[in-house]
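Just so you know, these numbers use all the heavy atoms, side chains as well, and skip hydrogens, waters and symmetry mates.
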Amino acid sequence: MTVRVGIIGVGVMGADHALSLDRRVSGAAVTAVADFDAARASAVASTLRGATVAADGPALIERDDVDAVVIASHDSTHAELVHLALAAGKPVLCEKPLAPTAAECREIIAAQGERTLITVGFMRRFDPAYVDLKRVVSSGELGEPLVAHCVSRTVEAYPGGTSASTITNSAIHELDIVPWLLSSPITEVSWHAGRTSAHSGTRQDPQIMLLRTESDVLVTVEIFLNARYGYDTRCEVVGDIGASALVLPTHVVTDRDRRRSVAYPADWVPRYADAYRLQLQEWVDSLEAGRVSELADADAGLRAGLVADALVASMNEGGRTVVVE
């Protein structure tokens, strides 16, 4: 069986999904793409084997040659498109966030009912480094986890974003991976900021978030979208007898001019290529086998959304500690 996939939104993220499904994932074929930029959709379709361009997202979902849908369009479109996929009875892999607010996530879950059609693109759960870190934490090698530190830095923020969208679009990865890594939900949060970068525009950047889990582990999260120097993701878990952290995402160390250096990637594509490929392969395999996938589900999307809502509330209320609903 070949799973015929349609992709809505073929910017950097969607185009990378299309290429992976076309060339790196077995059992799948990209049959249709759609984007608000028709020229971009045509350009991406021309690089794929047999893909054509749909008029828009709703038209793609209704096509007979589309069995399953990947949603990689703007966050504001996610809820509407997921609802349309549910109405069509088609499995959907929705890029994070499932929806911009927890209320919209709840509406999606209600519409899904007892079906298991929705998965969410929290791909760090498939990243080999995070998987190994979770193995170490779960094994007890560090003793009981006490604190954790997360850092996400990018070269330049995407245009048009706000301080709140830093939380709902970028920090949302940490809001999913932290409870997954520590096997404990986030129960309270607070948002903090100091000086903002000269490159940040109207957005507060960087932002510092404090998370507390049900197991009473305190987690610091730094999100710095205009860090300029490169794409950099870090995570460390400190226990009462040891600590474990992700290594820098590089395979090469260069020695030159009496200096030793490593290179940072310009964006997420090389850092998380394996994670995205493994996630897509598991999704396709689960559809072929008719089983529930190992991807994050709609409930995980809601849980991350609830934490994001609490952080936005903290941001808007002077950084007070907010209990997660």
Side-chain angles (χ1 to χ4, degrees), residues 96-99 101-102 105-106 109 116 118-152 166-192 207-223 233-247 272 275 278-279 282 292-315 319-325:
K96 53 75 187 172
L98 176 58
T101 67
C105 291
R106 281 200 177 95
I109 290 171
T116 56
I118 301 170
T119 54
V120 184
F122 287 129
M123 84 297 168
R124 292 188 189 182
R125 296 179 178 213
F126 290 85
D127 177 64
Y130 273 105
V131 170
D132 201 32
L133 181 58
K134 181 175 174 61
R135 178 194 60 77
V136 172
V137 172
S138 300
S139 72
E141 292 178 43
L142 309 180
E144 290 297 326
L146 302 175
V147 296
H149 306 286
C150 302
V151 173
S152 286
T166 294
I167 299 168
T168 59
N169 181 270
S170 298
I172 199 78
H173 274 302
E174 274 71 28
L175 306 188
D176 173 72
I177 206 65
V178 163
W180 176 85
L181 191 62
L182 299 175
S183 301
S184 182
I186 298 166
T187 57
E188 65 178 37
V189 302
S190 60
W191 181 97
H192 305 272
Q207 300 180 17
I208 303 295
M209 303 162 202
L210 296 182
L211 318 175
R212 188 181 298 276
T213 68
E214 189 175 67
S215 56
D216 208 24
V217 176
L218 191 64
V219 183
T220 64
V221 177
E222 175 202 318
I223 306 294
T233 305
R234 307 182 187 189
C235 184
E236 179 185 29
V237 178
V238 183
D240 51 16
I241 59 171
S244 189
L246 304 181
V247 296
Y272 286 112
L278 292 167
Q279 177 183 249
E282 165 59 18
V292 175
S293 81
E294 296 180 10
L295 276 70
D297 59 12
D299 287 342
L302 171 60
R303 288 192 295 271
L306 288 167
V307 181
D309 279 3
L311 280 164
V312 172
S314 178
M315 180 186 71
R320 74 173 180 88
T321 298
V322 177
V323 174
V324 177
E325 184 180 343

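Heavy atoms only, all atoms of each residue included: Thr233 and Leu246 are closest at O-CD1, 4.4 Å. When every heavy atom of Leu181 is checked against every heavy atom of Cys235, the shortest pair comes out as CD2-SG, 3.7 Å. The two residues Pro179 and Pro185 come nearest to each other via the heavy atoms CB-CA, 4.0 Å. The heavy-atom pair separating Ala245 from Leu133 by the smallest distance is N-CD1, 4.2 Å. The nearest pair of heavy atoms linking Gly301 to Phe122 is CA-CE1, 4.2 Å. The shortest heavy-atom contact between Thr168 and Ala308 is CG2-CB, 4.3 Å.
Below 30°, between 30° and 60°, or above 60°: for Tyr272 and Tyr130 the angle between ring planes is below 30°, a parallel geometry.
For the pair Asp240 (side chain) and Glu144 (backbone), a donor-acceptor distance under 3.5 Å is present.
Under the side-chain hydrogen bond (donor to acceptor under 3.5 Å, both in side chains) criterion, Glu174 pairs with Arg124, Ser152, not counting sequence neighbours. Every residue two or more places apart in sequence or in another chain that forms a salt bridge (charged side-chain N to carboxylate O under 4.0 Å, His left out) with Arg135 is listed here: Asp132, Glu141.
Within the 4.5 Å cutoff, the side chain of Val307 has no heavy atoms near those of the Val178 side chain. Within the 4.5 Å cutoff, the side chain of Asn169 has heavy atoms near those of the Lys96 side chain. Contact annotation: the side chain of His173 approaches that of Met123 to within less than 4.5 Å [non-hydrogen atoms, C-beta and beyond]. Side-chain contact between Val137 and Leu142: present, with at least one pair of heavy atoms (C-beta onward) separated by less than 4.5 Å. Put simply, the side chain of Thr220 does not reach to within 4.5 Å of the side chain of Glu236, judged on heavy atoms. Between Leu175 and Leu311 there is a side-chain heavy-atom pair separated by less than 4.5 Å. Within the 4.5 Å cutoff, the side chain of Val217 has no heavy atoms near those of the Val237 side chain. Looking at Leu295 and Glu282, their side chains come closer than 4.5 Å, going by heavy atoms from C-beta outward.
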| query | Between Arg303 and Glu214, is a salt bridge (Lys or Arg N to Asp or Glu O under 4.0 Å) present by the stated rule, with each step listed? | reply | CA-CA 13 Å; Arg303 288 192 295 271; Glu214 189 175 67; over 6 Å; no
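Here the CG atom belonging to Leu302 is positioned 8.5 Å from the CG atom belonging to Leu98, to the nearest 0.5 angstrom. Here CG of Asp216 is found 12.0 Å from CG of Leu182. Values are rounded to the nearest 0.5 Å. Taking SG of Cys150 as the start and CD1 of Ile177 as the end, the distance is 9.0 Å to the nearest 0.5 Å. We find the CE-CD1 distance between Met315 and Ile167 to be 5.0 Å, quoted to the nearest 0.5 Å.
The list of side-chain hydrogen bond (donor to acceptor under 3.5 Å, both in side chains) pairs with a residue in residues 176-191, not counting sequence neighbours, reads Arg125-Asp176, Lys134-Ser183, Ser184-Ser215, Glu188-Arg212, Ser190-His192, Trp191-Gln207.
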